[in-house]
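As the structure is a computational prediction, the values presented were derived from the model and not from experiment.
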Amino acid sequence: MIEWKEEYSTGMLDLDAQHKILFKYVNNLEEIILSEGYSEVRVSNILDYLNSYGKNHFHYEEKCMIEKHCPVAAQNKSAHEKFLHQFAVYQERFKKEGATPEFVKDVYHWTQTWFIDHVCKIDIHLHACVAPNTF
């Protein structure tokens with residue numbers, strides 16, 4: 001399971017809350033794996049949510065980085081575009097394969113790694129751009 005750590009903080013409480021929600025949905029994939037409850041509906045709902053919420057979150061985060069003059073704003077946008085492209089590939093794969101154990105494990109491992117790497121290597125740069133008490 002991905003657990004929130006203070007070292008992941010962007011300095012903006014609303015963005016951090018959104019990250020926690022994304023982590024929760026990635027963790028839902030792990031719960032499916034552990035319980036072996038590979039329900040098509042459940043997996044589809046998680047994928048749809050991650051796609052929709054992810055797009056909204058990415059848009060908001062990109063806006064925040066621009067407003068706060070974050071030096072990694074362009075890198076952040078590029079990483080988001082790559083994520084959305086790969087996620088679309090997974091969604092197409094889901095349409096063909098369904099909620100197979102291999103598919104769910106692949107999506108889980110990829111999203112878990114991507115979110116932790118992204119937050120730790122890119123998003124945390126926002127913290128230095130946020131003035132104290134402006135959360």
Side-chain angles (χ1 to χ4, degrees):
M1 295 263 181
I2 324 175
E3 293 186 31
W4 180 258
K5 299 176 184 175
E6 281 308 308
E7 65 196 59
Y8 300 161
S9 176
T10 63
M12 297 184 70
L13 296 178
D14 53 348
L15 281 179
D16 293 342
Q18 291 175 13
H19 286 155
K20 291 173 187 176
I21 291 170
L22 289 167
F23 282 20
K24 175 185 173 221
Y25 275 84
V26 172
N27 287 339
N28 286 342
L29 290 171
E30 183 178 15
E31 290 172 7
I32 288 171
I33 294 165
L34 294 174
S35 70
E36 297 183 0
Y38 298 98
S39 158
E40 299 284 325
V41 172
R42 188 168 178 209
V43 172
S44 178
N45 287 341
I46 292 169
L47 294 177
D48 289 346
Y49 187 85
L50 283 171
N51 183 51
S52 175
Y53 193 83
K55 285 179 182 176
N56 290 331
H57 166 73
F58 290 165
H59 177 74
Y60 180 67
E61 185 178 273
E62 290 166 13
K63 180 181 167 199
C64 290
M65 284 200 171
I66 290 169
E67 288 174 358
K68 301 294 183 186
H69 307 288
C70 188
V72 297
Q75 182 182 358
N76 185 52
K77 184 174 178 59
S78 176
H80 289 166
E81 289 168 356
K82 289 176 185 173
F83 174 90
L84 293 172
H85 173 76
Q86 181 59 44
F87 201 77
V89 169
Y90 277 120
Q91 287 183 303
E92 284 302 311
R93 185 175 157 197
F94 177 70
K95 288 178 187 175
K96 294 175 186 170
E97 290 179 34
T100 65
E102 295 78 21
F103 173 78
V104 175
K105 289 174 185 177
D106 286 352
V107 172
Y108 168 70
H109 292 296
W110 179 75
T111 54
Q112 178 191 42
T113 300
W114 192 91
F115 279 119
I116 290 173
D117 284 350
H118 182 75
V119 170
C120 289
K121 294 178 182 171
I122 296 176
D123 291 351
I124 62 166
H125 288 275
L126 189 56
H127 200 279
C129 304
V130 177
N133 302 318
T134 60
F135 318 142

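Other residues, nucleotides and ligands place no more than 12 heavy atoms under 6.0 Å from the CD atom of Glu3. With a 6.0 Å radius and a threshold of 12 heavy atoms from other residues, nucleotides or ligands, Glu36 has its CD atom at or below the threshold.
Aromatic ring orientation, Tyr8 versus Phe23: perpendicular (interplanar angle above 60°, classes split at 30° and 60°). Using cut-offs of 30° and 60° on the angle between ring planes, the pair Phe94 and Phe103 is tilted. The aromatic rings of Phe83 and Phe58 sit perpendicular to each other, their planes meeting at more than 60°, with 30° as the lower class boundary.
Between the side chain of Glu30 and the backbone N or O of Met1 there is at least one donor-acceptor pair closer than 3.5 Å. A donor-acceptor pair is defined here as one N or O able to donate and one able to accept, closer than 3.5 Å; such a pair exists between the side chain of Thr113 and the backbone of His109. For Ser52 (side chain) and Tyr49 (main-chain N/O), no donor-acceptor pair under 3.5 Å exists by modelled atom type. In terms of modelled atom types and a separation under 3.5 Å, the side chain of Asn27 and the main chain of Ile2 share a donor-acceptor contact.
Hydrophobic clustering (side-chain heavy atoms under 4.5 Å, transitive across Ile, Leu, Val, Met, Phe, Trp, Tyr) groups Val119 together with Ile21. Taking hydrophobic clusters as Ile, Leu, Val, Met, Phe, Trp and Tyr residues chained together by side-chain heavy-atom distances below 4.5 Å, Leu84 does not share a cluster with Tyr60. Hydrophobic clustering (ILVMFWY, side-chain heavy atoms < 4.5 Å, transitive): Tyr25 and Tyr38 are in one cluster. Under the 4.5 Å side-chain heavy-atom criterion for Ile, Leu, Val, Met, Phe, Trp and Tyr, Leu29 and Leu22 are members of the same hydrophobic cluster. Taken together through direct or relayed side-chain contacts under 4.5 Å among Ile, Leu, Val, Met, Phe, Trp and Tyr, Phe115 and Ile32 form part of one hydrophobic cluster.
Nearest heavy atom pair, residue Val72 against residue Ile122, reads CG2-O, 3.6 Å. Pairing each heavy atom of Val43 with each of Ala99, the nearest pair is CG2-CB, 3.7 Å.
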Problem set entry | Worked check of side-chain contact (heavy atoms from CB on, under 4.5 Å) between Thr10 and Val130 | CA-CA 8 Å; Thr10 63; Val130 177; over 6 Å; no
For this session: Could you give me the CA-CA distance, side-chain angles and deciding distance for Asp16 and Trp4, then say whether side-chain contact (heavy atoms from CB on, under 4.5 Å) is met?
Result: CA-CA 9 Å; Asp16 293 342; Trp4 180 258; 3.7 Å; yes
Problem set entry | Test log, rule side-chain contact (heavy atoms from CB on, under 4.5 Å), inputs Asn76 and His118 | CA-CA 8 Å; Asn76 185 52; His118 182 75; 2.9 Å; yes
Problem set entry | Leu50 vs Val107, side-chain contact (heavy atoms from CB on, under 4.5 Å): CA-CA, chis, key distance, verdict | CA-CA 11 Å; Leu50 283 171; Val107 172; 5.6 Å; no
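The closest side-chain donor-acceptor pair between His57 and His19 falls under 3.5 angstrom. Side chain to side chain, Glu61 and His80 meet the donor-acceptor criterion of an N or O pair below 3.5 Å.
Residues Asn51 and Phe87 form a side-chain contact, since some pair of their non-hydrogen atoms from C-beta on lies under 4.5 Å apart.
Under 4.0 Å is where a charged nitrogen must lie from a carboxylate oxygen, and between Glu102 and Lys105 no such pair does.
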